[in-house]
Every structure is written in C-alpha cells, then in structure tokens.
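Take a look at the structure below.
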Amino acid sequence: MQSLLDQFAAALGKQYVLTDQRDKAPYLTDWRKRYTGKALAVLLPKTTDEVSHIVKLCAASNVAIVPQGGHTGFCGGATPDSSGQQIILNLKRMNQIREIDVANQTITLEAGCILQTIQESAAAQDFLFPLSLGAEGSCMIGGNLATNAGGTNVLRYGNTRDLCLGLEVVTAQGEIWNGMKGLRKDNTGYDLRDLFIGSEGTLGIITAAVMKLYPLPISQWTTLVATKDIASTIALLNLFQKRATSLLTGFEMMTQESLALNEKHFPQMANPLPGHPPLTVLIELSDHESEEHVRKLLETVLEEAFSANLINDAIIASNLSQANAFWQMREHITLAQAEEGANLKHDITIPLSLLDTFIQETDALIRASYPGVRIINFGHLGDGNLHYNIAPPPGSDPNSFNLANEKAIHELVYAQVERCQGSISAEHGVGQLKLDGLRAHKGAVAHDLMKTLKRALDPQNILNPHKVVSI
Ligand code: FAD
Ligand code: 2HG
Ligand code: ZN
C-alpha cells in the first residue's frame with residue numbers, strides 16, 4: 001500500500017493525504033455518531049483533474065472510495081467500513097463558486113461549496129438559492145446533490161434534483177463527464193444528470209454543478225398555529241395551497257411530544273403558543289409584490305381557518321427576529337433528539353390522503369409493543385414528509401434499547417409505510433442505514449434495475465460499495 005499512498009501524495013501533495021490516526025479521526029464518524037469506520041487515508045483534492053487521477057489510481061489497485069462532503073448525512077453513506085482498506089475522498093477544498101449568470105439565473109459551483117455560503121453569495125446578487133436545511137452551515141452542495149436533499153422549501157421550489165441543471169462527474173473509471181450546461185430543456189436521450197443525483201456516491205463523484213437561482217422575495221411572513229389533529233392540519237394546508245398558491249413556501253408540523261423534547265434541552269426554545277397544543281404548525285408565505293399584500297393575505301387565510309375550526313390559536317411573527325426564533329424552534333428538534341441520546345429515525349413520505357391513517361395506526365402499534373417510548377413526529381407536512389422518530393422510554397439506556405429493538409421497530413414502521421403506499425426514504429437517502437430496508441421495500445424489479453445500473457457504471461464496485469445497493 002505504501003506505493004499507492006506515495007502515488008496519492010505525488011498527485012495531491014503530501015499534506016493533502018492524511019494517514020495519521022489523529023488527522024483522519026474527524027472524517028471517520030458521522031454527525032449522529034451512529035457510524036465510525038476506518039480508512040487507509042483521507043484524500044483532499046483541489047481540482048476535478050486531481051479527483052480523476054485519484055480514481056484512476058484506486059481503480060488500478062482495486063481500492064474502494066467513499067466520497068464525502070460535510071459528513072452531515074443521516075444514513076452513514078459518507079462513513080467508510082471497518083476494514084481500513086477504503087479511502088475517503090473529501091471534497092471540501094473544491095469550494096469555488098465559478099460563476100453567477102444573471103441572465104440565465106444560474107450559479108455554477110464546485111462540489112465542496114457549503115450550502116450557506118451559496119445562499120449568501122446568491123443573496124448578495126439579489127437572488128434566492130432556495131435549498132435550506134438545518135445542516136446548511138456545514139453540508140456541501142456535492143453532498144446535497146448526492147443525497148437529493150430536501151429541507152424546508154421543497155413544497156415551493158422542489159428538492160435538490162429540481163434545482164439542478166448541470167453536473168460534472170468523475171466516473172468509476174476516472175473519466176470526467178462534462179454535463180455542465182445550464183439548460184432548462186435538454187431531451188438528448190437518457191438523463192445522466194438525474195442518474196447521478198441521489199446516487200449517494202455509488203455511481204460517480206460529483207465535482208461541480210450548475211444550479212437554478214430565483215428572484216429574492218421582498219417580504220416573508222411567518223406564523224405559528226395550533227391545530228388539534230392531522231386531519232384539520234391537512235385541511236389547513238389545502239386551504240393555504242388554494243388561497244396563497246405559490247406564495248406558500250413553508251408548512252412544517254411539530255407534535256407536542258417533539259416540542260417537549262426541545263423545551264427539555266433548550267428551554268429558550270419553548271413553544272410560544274400557550275397550552276402545549278397537540279400539533280404546532282409553522283407556516284411561511286413569501287411575496288414579490290409588497291409586504292402589505294402578503295400580510296393581508298396571511299391574516300385573511302388565518303381568519304378563514306379560525307372560522308372553519310381548523311386552528312385554535314395563531315401567532316404571527318412581528319419582526320424578522322421573531323420569525324427566525326420560530327424557525328430555530330423547528331430546527332432544534334433534531335438537536336434536542338441528539339442531546340437526549342441515540343434515537344431511531346424514519347424519514348418517510350406518505351400520500352397526504354393516507355397520512356392520518358398512517359399516524360393513527362402506527363402510533364397505536366408502536367405504543368402497544370413498546371410502552372413508554374416517545375414518538376418524535378415532525379417534519380415537512382407540506383410534502384407529506386414525516387420524521388417519525390422513536391426515542392426510548394425515559395430513563396432507559398438508549399443504546400441497549402436500540403440494540404434490542406431497532407430492527408423490529410424499523411420493520412414495523414416500514415411495513416406500515418408500504419401499506420400506505422409511501423416511501424421509506426423521503427429526503428435523507430439510503431446509505432448503509434437503509435440497505436436492508438431498500439432491498440425489502442423497493443420492489444424486486446426496481447431493486448434489480450438499480451443493481452444492473454450499478455454493475456454497468458461501476459463494474460469493479462469501487463465507488464462507495466455496500467451503500468444503497470449491494471452487488
Ligand atoms: P455527506 O454526509 O458528506 O455525504 C452524504 C452522501 O453523499 C454519502 O453517501 C457520500 O458518499 C455522498 N457524497 C458526498 N459528496 C459527494 C460528491 N461530491 N459526489 C458523490 N457523492 C457524494 N437532509 C435533508 O434532506 N433535509 C433536511 O431537512 C435535513 N436536515 C438536517 C439537519 C441536521 C441538523 C443535520 C445534521 C442533517 C440534516 N439533513 C437533512 C441531512 C444532511 O444534511 C443532508 O443529507 C445533506 O445533503 C448531506 O450533505 P453532506 O455534504 O454533509 O454529505
Ligand atoms: C429536519 O427536517 C431534518 O429537521 C432532520 O431532516 C430530521 O432529525 C430528523 O430526523
Ligand atoms: Zn427533514
């Protein structure tokens with residue numbers, strides 16, 4: 001292996017090939033501390049040519065590559081296995097914004113750009129880059145594309161896939177595919193771009209992208225409302241969709257149990273709505289017309305919702321800092337869960353018409369089989385996307401509870417998801433966490449097609465093996 005490490009050093013410069021255990025450590029454990037692996041080396045390339053060179057060296061030696069961005073993913077996709085034979089290819093040094101094309105409303109950037117930096121660079125030129133999620137201060141656009149990340153703006157702007165026009169990808173053979181066209185129409189056969197998006201580093205390494213930009217809204221209004229149950233919350237969503245149409249940019253649901261966990265670990269994040277309502281909904285409207293227009297619209301729809309008995313209470317944020325506080329409360333649920341200890345995550349989508357049935361049935365099954373557990377159910381209700389997470393009963397040791405029950409709880413929830421025609425991964429991806437779940441629930445034909453694609457594009461199985469599908 002020494003000669004391969006020497007070749008890496010010759011390609012990148014010695015300081016960008018990390019082999020010391022202390023230097024490698026920060027790259028070996030995921031954000032949740034759910035997975036820790038070992039790596040032969042962590043490589044930090046600066047250019048697409050360097051990535052190509054490294055992949056060719058790895059292919060020649062049959063060494064597997066784990067692509068990595070901010071390492072914030074929830075499914076262990078960016079964590080190597082325990083063999084110590086895989087290399088981590090972390091793209092953080094590839095962080096140049098190459099161009100903002102004002103007329104075409106696009107931004108061209110390298111895979112290691114941090115999401116928040118992209119949002120800020122776009123805003124500085126009066127554009128909105130709408131992808132927004134809790135990890136935006138550290139996740140990278142390459143990782144967002146590789147996981148097809150969702151977040152809080154999907155109901156208006158779509159997920160990362162919908163925001164992408166072009167890609168540059170290094171293949172498993174080390175070739176560079178230049179698909180960096182900023183076109184909104186391109187019907188030239190198979191869509192290679194969409195094949196790589198969401199492939200979690202198993203089909204190619206994304207090195208750059210052309211992404212869509214949008215006009216920056218001139219006014220946003222945020223409100224927190226209390227609802228009594230899922231049925232009325234969905235009716236409320238439908239009302240906003242009808243009255244506010246494309247001005248509706250956020251519709252996030254939080255159960256009382258989720259916000260109780262927030263309050264326990266972050267008392268300053270307590271729900272400002274009184275009386276601990278069963279459900280709290282954060283709604284955001286964004287407008288390009290006038291502040292007056294959007295505020296009036298919001299008040300009118302809320303009045304209609306009160307009259308129709310869809311909501312029991314509402315607070316409209318009176319300024320930007322209160323609006324930010326509402327969003328902070330929403331984003332802190334994940335952090336509160338992490339403070340509480342290991343939990344079991346289910347990132348699922350259900351058609352809105354079956355969501356109520358899913359929650360009622362699944363809650364009952366979980367509570368009957370696992371008395372005392374907390375169901376931390378929150379998420380992007382506007383997309384039918386629940387984060388249906390299970391925290392062990394208070395006082396029990398999370399690790400031993402999860403060890404004993406993880407498999408059975410995942411299976412119970414996934415069986416319910418399948419029954420309700422949903423998906424076992426809405427936005428977080430598959431990685432290693434849902435490898436078995438995907439095999440069991442994707443459907444045999446779809447799963448075989450995925451394996452066929454993997455074999456065709458990466459016959460040596462060197463790109464992130466045993467993530468998403470095993471061949
Ligand atoms: P990593 O974790 O480094 O990698 C993720 C996967 O992509 C791995 O399989 C890796 O091998 C692959 N990969 C990374 N870079 C490349 C590349 N350049 N080419 C090919 N493959 C690559 N996710 C959501 O969808 N919605 C949310 O609302 C959301 N909220 C979050 C909140 C918090 C607090 C945290 C910690 C995470 C959240 N996530 C969310 C999950 C995570 O942030 C996203 O999945 C994000 O897109 C991962 O980006 P990353 O750069 O950290 O990728
Ligand atoms: C969110 O929507 C993220 O906040 C995290 O997707 C979800 O913690 C989770 O399970
Ligand atoms: Zn989410």
Side-chain angles (χ1 to χ4, degrees), residues 27 30-35 45 48 51 55 64-80 86 88-92 94 110-115 131-154 159-161 167-172 196-209 252-254 258 261 327 330-338 340 343-349 376-381 383 385-391 425-433 463-468:
Y27 302 87
D30 66 332
W31 186 91
R32 287 180 72 197
K33 301 188 171 48
R34 168 79 171 70
Y35 296 100
T48 304
V51 173
V55 175
I65 302 166
V66 180
Q68 192 179 82
H71 212 180
T72 66
F74 282 141
C75 302
T79 315
Q86 304 187 320
I88 293 173
L89 194 68
N90 185 296
L91 300 189
K92 69 178 182 185
M94 295 185 62
E110 294 182 348
C113 289
I114 292 194
L115 176 54
L131 184 64
S132 177
L133 43 111
E136 62 199 21
S138 45
C139 64
M140 297 173 193
I141 193 67
N144 302 145
L145 284 157
T147 55
N148 185 26
T152 51
N153 270 326
V154 173
N159 45 38
T160 310
R161 182 189 302 284
L167 280 187
E168 179 185 82
V169 174
V170 173
T171 68
F196 291 112
I197 296 173
S199 67
E200 300 181 50
T202 62
L203 300 181
I205 298 166
I206 297 168
T207 47
E252 300 283 320
M253 182 274 287
M254 299 158 271
S258 310
L261 203 62
W327 277 108
R330 158 66 182 84
E331 299 293 6
H332 266 69
I333 300 173
T334 300
L335 308 181
Q337 289 174 108
E340 184 75 2
N343 62 84
L344 301 177
K345 283 193 189 296
H346 305 98
D347 160 43
I348 56 178
T349 16
I376 308 302
N377 181 8
F378 65 104
H380 320 286
L381 192 105
D383 313 320
N385 180 183
L386 298 179
H387 297 307
Y388 191 85
N389 300 338
I390 308 295
S425 175
E427 56 170 10
H428 295 165
V430 177
Q432 42 186 313
L433 178 69
L463 288 184
N464 224 0
H466 308 298
K467 312 280 173 56
V468 186

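All ligand and atom numbering here is 1-based and tracks the order in the structure. Along the sequence shown, residues carry numbers from 1.
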Hey, is ligand 1 close enough to Gln68 that some N/O pair sits below 3.5 Å?
no

4.5 Å side-chain heavy-atom contact, Ile376 and Ile390:
no

For Gly69, is at least one N or O under 3.5 Å away from an N or O on ligand 1?
yes

Any idea which part of Asn389 is under 4.0 Å from ligand 2, heavy-atom wise: side chain, backbone, both or neither?
side chain

Atom pair CG (Leu91) and CD1 (Ile88), whose distance is rounded to the nearest 0.5 Å:
11.5 Å

Report yes if Trp31 has an N/O atom closer than 3.5 Å to an N/O atom of ligand 1; otherwise report no.
no

Should Phe378 and Tyr388 count as side-chain neighbours, where that means a heavy-atom distance under 4.5 Å?
no

Check whether any heavy atom of His71 sits under 4.0 Å from an atom of ligand 1.
yes

Give the C-alpha distance, both sets of side-chain angles, the deciding distance and a yes or no for side-chain hydrogen bond (donor to acceptor under 3.5 Å, both in side chains) between Asn389 and Gln337.
CA-CA 9 Å; Asn389 300 338; Gln337 289 174 108; 2.8 Å; yes

Short N/O distance, under 3.5 Å, between Pro67 and ligand 1?
yes

Top protein contact for atom 2 (O) of ligand 2, by heavy-atom distance:
Arg330 NH2, 2.7 Å

Say you draw a straight line from CG of Leu381 to CE of Met253; how long is it, rounded to the nearest 0.5 Å?
5.5 Å

Polar contact flag for Leu133 and ligand 1 (N/O pairs, less than 3.5 Å):
no

Considering residues at least two apart in sequence or located in another chain, which fulfil the salt bridge (Lys or Arg N to Asp or Glu O under 4.0 Å) criterion with Glu252?
Arg330

Considering all heavy atoms, the nearest Gly429-Cys75 contact
O-SG, 3.4 Å

Flag, side chain of Glu200 to backbone of Gly431, donor-acceptor distance under 3.5 Å:
yes

Tell me the nearest of Arg32, His380, Glu427 to atom 26 (N) of ligand 1, using heavy-atom distances.
Glu427

Look at atom 6 (C) of ligand 1 and say which protein heavy atom is nearest, naming residue and atom and giving the distance to 0.1 Å.
Thr147 CG2, 3.6 Å

I need the atoms of ligand 2 closer than 4.0 Å to a non-hydrogen atom of Thr334, numbered in the order shown.
4 (O), 5 (C), 7 (C), 8 (O), 9 (C)

Atoms in ligand 2 flagged as close to Gln337, the criterion being non-hydrogen separation under 4.0 Å
8 (O)

Consider every N or O of Gly77 and every N or O of ligand 1, then say whether any pair is closer than 3.5 Å.
yes

Any idea which heavy atoms bring Thr152 and Trp327 closest together, and the distance?
CG2-CZ3, 3.5 Å

Any Gly429 heavy atom less than 4.0 Å from ligand 1
no

Under a 4.0 angstrom heavy-atom cut-off, which atoms of ligand 1 come close to Glu200?
9 (O), 11 (O), 12 (C)

Using a 4.0 Å cutoff against the non-hydrogen atoms of Gly204, which atoms of ligand 1 qualify?
20 (C)

Can you figure out which of Ala338, Ala146, Ala209 has its heavy atom closest to atom 13 (N) of ligand 1?
Ala146

To check your reading of the model: name the closest protein heavy atom to atom 2 (O) of ligand 1, its residue, and the distance in Å.
Gly73 N, 2.8 Å

Atom 53 (O) of ligand 1 sits nearest the protein heavy atom Gly143 CA, 3.5 Å

Which atom pair, heavy atoms only, marks the closest approach of Ala149 to Asn159?
O-CB, 3.4 Å

Can you see which heavy atom on Asn464 is nearest to which on Val66, and at what distance?
OD1-CG1, 3.6 Å

Which heavy atom of the protein is the closest neighbour of atom 4 (O) of ligand 1, given with residue, atom name and distance?
Ala78 CB, 3.6 Å

Out of curiosity, Leu433 CG to Phe74 CZ, how far, rounded to the nearest 0.5 Å?
11.0 Å

To the nearest 0.5 Å, what is the distance between CG on Asn144 and CG on Leu133?
6.0 Å

Less than 4.5 Å apart, any side-chain heavy atom of Leu261 and any of Ile333?
no

Taking the non-hydrogen atoms of Gly151, is any one of them nearer than 4.0 angstrom to ligand 1?
yes

Atom OG1 in Thr171, atom CG in Leu203: separation rounded to 0.5 Å?
11.0 Å

Check the pair Tyr27, Lys92 against side-chain contact (heavy atoms from CB on, under 4.5 Å), reporting the backbone distance first and the verdict last.
CA-CA 11 Å; Tyr27 302 87; Lys92 69 178 182 185; 2.7 Å; yes

Sorted by chain and number, protein N/O/S atoms nearer to the Zn ion (ligand 3) than 2.8 Å are His380 NE2, His387 NE2, Glu427 OE2

Name the closest protein heavy atom to atom 6 (O) of ligand 2, giving the residue it belongs to and the distance to 0.1 Å.
His428 NE2, 2.8 Å

Looking only at N/O atoms, are Ala111 and ligand 1 under 3.5 Å apart anywhere?
no

If you scan protein heavy atoms around atom 42 (C) of ligand 1, the nearest is Thr72 OG1, 3.3 Å

Could you tell me, atom by atom, which parts of ligand 1 come under 4.0 Å of a heavy atom of Asn144?
46 (C), 47 (O), 49 (O)

Can you tell me which residue and heavy atom of the protein come closest to atom 25 (O) of ligand 1, and the distance to 0.1 Å?
Gly150 N, 2.9 Å

Closest non-hydrogen atom pair, Tyr35 against Asp30
N-OD1, 2.9 Å

With heavy atoms only and a cut-off of under 4.0 Å, state how Val66 meets ligand 1: side chain, backbone, both or neither.
neither

Between Ser138 and Ile114, which heavy-atom pair has the shortest distance, and what is it?
N-CG2, 4.1 Å

Could you find the nearest protein heavy atom to atom 35 (C) of ligand 1 and give me its residue, atom name and distance?
Phe74 CZ, 3.3 Å

Check: Glu168 and Thr48 side chains under 4.5 Å, non-hydrogen atoms:
yes

Numbered atoms of ligand 2 (with element) below 4.0 Å of His380, judged on heavy atoms:
2 (O)

Between Glu427 and Ile348, is there a side-chain heavy-atom distance shorter than 4.5 Å?
no

Proximal ligand 2 atoms for Phe378, defined as those under 4.0 Å from one of its heavy atoms
4 (O), 7 (C), 8 (O), 9 (C)

Non-neighbouring partners of Asn148 that pass side chain to side chain donor-acceptor pair (under 3.5 Å), sequence neighbours left out:
none

Residues at least two apart in sequence or cross-chain that pass ring pair (Phe, Tyr, Trp, His ring centres under 6.0 Å) with His380, listed by chain then number, are His387

To check your reading of the model: name the closest protein heavy atom to atom 17 (C) of ligand 1, its residue, and the distance in Å.
Ile206 O, 3.7 Å

Measure the distance from atom 9 (C) of ligand 2 to every protein heavy atom, then report the residue, atom name and distance (to 0.1 Å) of the closest one.
Lys345 NZ, 3.2 Å

